[in-house]
Amino acid sequence: MTHAAPTARALIADPVSGDTPVPEAKLEAVFNDIRSHPLYDQELYGCLNCGICTATCPSAHYYDYSPREIVQLLWTENLEGIYDAMQEKIWACAQCYTCAARCPFHNSPGGLVMIMREVAIKHSMQSAKDALRPFTRVLLKVISTGNQLAPNMITKDAFPDWGPNVSKIDAPLDLLRKAIPVPTLHTMDTAWVVNLKTSVELYTIWEATGVLDQLEQVDENLFDVISDVMDEKREEYQEWLDEQDN
Ligand code: SF4
Ligand code: SF4
């Protein structure tokens with residue numbers, strides 16, 4: 001499929017920076033990154049514009065969001081619309097993939113959204129930074145310790161998005177803590193021990209697969225902190241290996 005002919009309006013207003021226009025070359029670059037993603041051809045086969053995906057999409061019930069619209073923008077190669085959707089709408093998808101199970105064309109709108117999110121990160125879009133910012137604390141914890149949570153991080157205040165049922169988590173906190181190894185109680189450090197070798201291996205995987213590059217695009221400070229943590233762990237691990245040799 002070829003690109004739609006350029007319209008008279010080659011530039012659009014950038015919702016991030018207000019009146020700053022987005023050059024056509026930028027719109028093309030963003031779309032080309034989406035289209036060249038290895039999964040793209042498996043997620044989009046055509047579109048009837050039937051709306052079944054939107055009718056079954058939970059996020060469409062609560063947000064100004066429609067998977068049908070996302071698929072149509074991609075299928076018709078509407079570069080301005082694609083860029084615009086990446087400034088907010090794509091972050092409303094809950095990644096439940098109900099749409100993929102129902103689409104008569106076997107498209108995966110949720111999968112397409114995931115590709116668009118990856119490209120938004122690659123292009124350091126403000127929407128990606130805003131969407132990922134609330135997870136900074138968890139990301140730091142996962143990457144620096146290999147664990148998502150320490151027992152005393154499980155509180156109602158830390159997870160307002162869990163809704164009223166969070167009280168069920170909060171209430172038996174003392175009990176939950178007893179289920180976690182004693183040395184880790186009442187600490188923010190770790191909920192259980194991930195050994196040094198595993199930590200270094202994880203870091204190597206994240207580095208090789210581009211995860212850390214993505215992180216640098218959206219949160220340079222967090223990237224710097226994590227790099228320092230991992231450099232220390234690598235040094236520590238090397239010292240341990242040297243000791244074994246001796
Ligand atoms: S994966 Fe996203 S687009 Fe698809 S049904 Fe779920 S929330 Fe909606
Ligand atoms: S993606 Fe599938 S379900 Fe959604 S509008 Fe297109 S053809 Fe219909």
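Numbering of ligands and ligand atoms starts at 1, following listing order.
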Exercise. Report the part of Tyr65 in contact with ligand 1, treating N, CA, C, O as backbone and CB onward as side chain, heavy atoms under 4.0 Å; options are side chain, backbone, both, neither.
Key: side chain
Quiz item: Which heavy atom of the protein is the closest neighbour of atom 8 (Fe) of ligand 1, given with residue, atom name and distance?
Solution: Cys57 SG, 2.3 Å
Quiz item: If you count the atoms of ligand 1 from 1 in the order shown, which ones are under 4.0 Å from a heavy atom of Cys99?
Solution: 1 (S), 3 (S), 4 (Fe), 5 (S)
Quiz item: Is the closest heavy-atom distance from Pro67 to ligand 2 below 4.0 Å?
Solution: no
Practice problem: Tell me which one of Ser66, Cys103, Pro104 gets a heavy atom nearest to atom 2 (Fe) of ligand 2. | Solution: Cys103
Exercise. Please report the C-alpha distance between Glu77 and Phe31 in whole Å, then the side-chain angles of each, then the deciding distance to 0.1 Å, and finally whether the side-chain contact (heavy atoms from CB on, under 4.5 Å) criterion is met.
Key: CA-CA 8 Å; Glu77 302 190 357; Phe31 179 64; 3.6 Å; yes
Practice problem: Taking the side chain as every heavy atom from C-beta outward, state whether Val113 and Pro67 have any pair of such atoms under 4.5 Å apart. | Solution: no
Exercise. Would you mind checking which non-hydrogen protein atom is closest to atom 7 (S) of ligand 1, with the distance to 0.1 Å?
Key: Ala94 N, 3.2 Å
Exercise. State, with a plain yes or no, whether a side-chain heavy atom of Glu69 is found less than 4.5 Å away from one of Thr54.
Key: no
Quiz item: So, do Cys93 and Arg117 sit near enough that their side-chain heavy atoms are less than 4.5 Å apart?
Solution: yes
Quiz prompt | ligand 2 versus Asn49: contacting region, heavy-atom distance under 4.0 Å | solution = backbone
Exercise. Measure from atom 6 (Fe) of ligand 2 to each N, O or S atom of Cys53 and report whether any distance is below 2.8 Å.
Key: no
Quiz item: Would a 4.5 Å heavy-atom cut-off, applied to side chains only, mark Met125 and Met86 as touching?
Solution: yes
Practice problem: Taking the side chain as every heavy atom from C-beta outward, state whether Val30 and Val22 have any atom pair closer than 4.5 Å. | Solution: no
Quiz item: Hey, is there an N, O or S on Cys93 sitting under 2.8 Å from atom 8 (Fe) of ligand 1?
Solution: no
Exercise. Could you list the atoms of ligand 1 found under 4.0 angstrom from a heavy atom of Gly110?
Key: 1 (S)
Quiz prompt | Distance from atom 6 (Fe) of ligand 1 to nearest protein heavy atom, with residue and atom | solution = Cys96 SG, 2.3 Å
Quiz item: Which residue and non-hydrogen atom of the protein lie closest to atom 1 (S) of ligand 1, and at what distance in Å?
Solution: Tyr97 N, 3.0 Å
Exercise. Calculate, to the nearest 0.5 Å, the distance between atoms OG1 and NZ belonging to Thr198 and Lys233 respectively.
Key: 10.0 Å
Quiz item: Counting from 1, what ligand 2 atoms have a heavy atom of Asn107 closer than 4.0 Å?
Solution: 1 (S), 2 (Fe)
Quiz item: So do the side chains of Tyr83 and Lys26 get within less than 4.5 Å of each other, counting heavy atoms only?
Solution: yes
Quiz item: Looking at Glu118 and Lys122, does any basic side-chain N land under 4.0 Å from a carboxylate oxygen?
Solution: no
